[in-house]
S.K.: 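Structure incoming, see below.
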Amino acid sequence: MIILKIGGSILTEKDSAKPEVNFDNLNRVAKEIKDALYSDNFSHDLSDGLVFVHGAGSFGHPPAKKHKIGQPFKDEEYLDKRIGFAEIQNEVKKLNSIICDVFIQHGIPCVAIPPSAFVTTHNKRVYDFNLNLIKEYIKEGFVPVIYGDVVLDKDIKMAVISGDQVIQYIAKFLKSDRIVLGTDVDGVYTKNPKTHDDAVHIDKVSSIEDIESLESTTNVDVTGGMVGKVKELLELADLGIESEIIDANEVGAISKALQGMEVRGTKISKN
Ligand code: ADP
């Protein structure tokens with residue numbers, strides 16, 4: 001089973017104050033997935049499982065920040081928090097629906113799986129996440145589409161679950177073979193490459209020590225930014241599940257990576 005995650009930085013205009021889809025990228029991503037699935041090089045068929053995960057981008061991050069979901073709050077703020085939660089849940093669902101529309105137009109048999117409908121967390125980490133339905137959809141050749149969402153939390157009442165945390169959980173318990181994570185940079189650097197000309201590309205991350213110095217350079221969004229991604233993926237590397245972070249803006253990179261071809265990026269692996 002392969003998990004492909006494409007970040008909100010690709011599928012949305014991430015810096016936009018209002019929710020906005022990047023349709024050029026979305027259409028290209030759909031085409032690249034379709035091309036890979038039906039390519040002769042793809043030693044994989046849909047019943048082996050492809051799970052697609054997407055981030056929330058400008059649909060989720062601005063309202064999550066505004067409503068401070070995931071932070072402690074007073075009892076008298078509870079109504080406002082619930083409205084905020086509802087707003088975010090509704091926005092990310094809209095993004096998901098647009099993504100699924102485009103995937104279906106491209107002939108990808110996708111099915112939306114919203115975490116807010118069945119996942120709970122305990123202090124922001126997954127507590128309850130029933131994978132049975134996802135397994136059934138995979139078995140029947142569907143492509144489950146799961147995404148960053150808001151969820152009920154046993155400890156702090158409401159939390160944001162990132163697409164990156166979703167990947168980690170699914171990969172671990174459905175025993176994914178590998179993970180391809182597409183974002184708007186070609187992997188992990190010693191510093192944020194968007195703001196530092198002297199950032200050096202890291203080809204491979206094998207342990208937490210490799211990224212310790214990165215923490216201060218990362219512009220962290222509510223879900224943890226680049227360091228957050230690598231931390232989630234390192235937990236999988238410990239279980240022998242390899243990931244690669246690639247530049248999903250590079251035309252053809254997603255398709256090649258799905259087919260197991262070499263693409264410039266950062267590998268997260270113990271070996
Ligand atoms: P996505 O929305 O695709 O999940 P994010 O915006 O959360 O992606 O993370 C990708 C961003 O992380 C890049 O645009 C880059 O500016 C930033 N970034 C910060 N620090 C680093 C780093 N050390 N290496 C690579 N990218 C980094």
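Counting starts at 1 for both ligands and their atoms, in listed order. Because only heavy atoms are used, hydrogens play no part in the values below, and waters and symmetry mates are left out as well, while side chains stay in.
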S.K.: Is ligand 1 less than 4.0 angstrom away from at least one heavy atom of P193?
M.R.: yes
S.K.: Are any of the side-chain heavy atoms of K157 and F73 separated by less than 4.5 Å?
M.R.: yes
S.K.: Run the numbers for me: atoms of ligand 1, each under 4.0 Å from some heavy atom of G187, listed by number.
M.R.: 25 (C)
S.K.: Hey, can you tell me if Y127 and H122 have their rings parallel, tilted or perpendicular (30° and 60° cut-offs)?
M.R.: tilted
S.K.: Less than 4.0 Å between a side-chain N and a carboxylate O, is that true for K194 and D184?
M.R.: yes
S.K.: Applying the side chain to side chain contact (heavy atoms under 4.5 Å, CB included) test to M226, which of N192, I211, I245, D164 qualifies?
M.R.: I245
S.K.: Say whether D164, considering both its backbone and side-chain N or O atoms, lies within less than 3.5 Å of an N or O atom on ligand 1.
M.R.: no
S.K.: So if I count the atoms of ligand 1 from 1 in the order they appear, which ones are less than 4.0 Å from some heavy atom of T183?
M.R.: 1 (P), 3 (O), 8 (O), 10 (C)
S.K.: Taking NZ, NE, NH1 and NH2 as the nitrogens, is one of them in K267 or E262 under 4.0 Å from a carboxylate oxygen of the other?
M.R.: yes
S.K.: If you measure from atom 11 (C) of ligand 1 to every heavy atom of T266, D184, T190, which option wins on shortest distance?
M.R.: D184
S.K.: Return the set of residues passing salt bridge (charged side-chain N to carboxylate O under 4.0 Å, His left out) with D15 (not counting sequence neighbours), or none when no residue passes.
M.R.: none
S.K.: Quick one: sort the Y147 and H54 rings into parallel, tilted or perpendicular, breaks at 30° and 60°.
M.R.: parallel
S.K.: Could an N or O of ligand 1 be found under 3.5 Å from any N or O of K229, whether backbone or side chain?
M.R.: yes
S.K.: Mind checking what makes side chain to side chain contact (heavy atoms under 4.5 Å, CB included) contact with Q71, not counting sequence neighbours?
M.R.: K68
S.K.: For ligand 1, which atoms have a heavy atom of S9 less than 4.0 angstrom away?
M.R.: 1 (P), 2 (O), 3 (O), 8 (O)
S.K.: For ligand 1, is there an atom lying under 4.0 Å from some heavy atom of I10?
M.R.: no
S.K.: Taking 4.0 Å as the limit for heavy-atom contacts, which would you say applies to K5 with ligand 1: side chain only, backbone only, both, or neither?
M.R.: side chain
S.K.: Does G163 come within less than 4.0 angstrom of ligand 1, counting non-hydrogen atoms of the residue?
M.R.: no
S.K.: Heavy atoms only, cut-off 4.0 Å: how does K191 contact ligand 1, side chain, backbone, both, or neither?
M.R.: backbone
S.K.: Would you kindly specify which portion of V185 sits under 4.0 Å from ligand 1, judged on non-hydrogen atoms: side chain, backbone, both or neither?
M.R.: side chain
S.K.: Relative to the heavy atoms of K194, which atoms of ligand 1 are at a distance of less than 4.0 Å?
M.R.: 14 (O), 16 (O)
S.K.: With the threshold set at 4.0 Å, does a side-chain nitrogen-carboxylate oxygen contact exist between D153 and K124?
M.R.: no
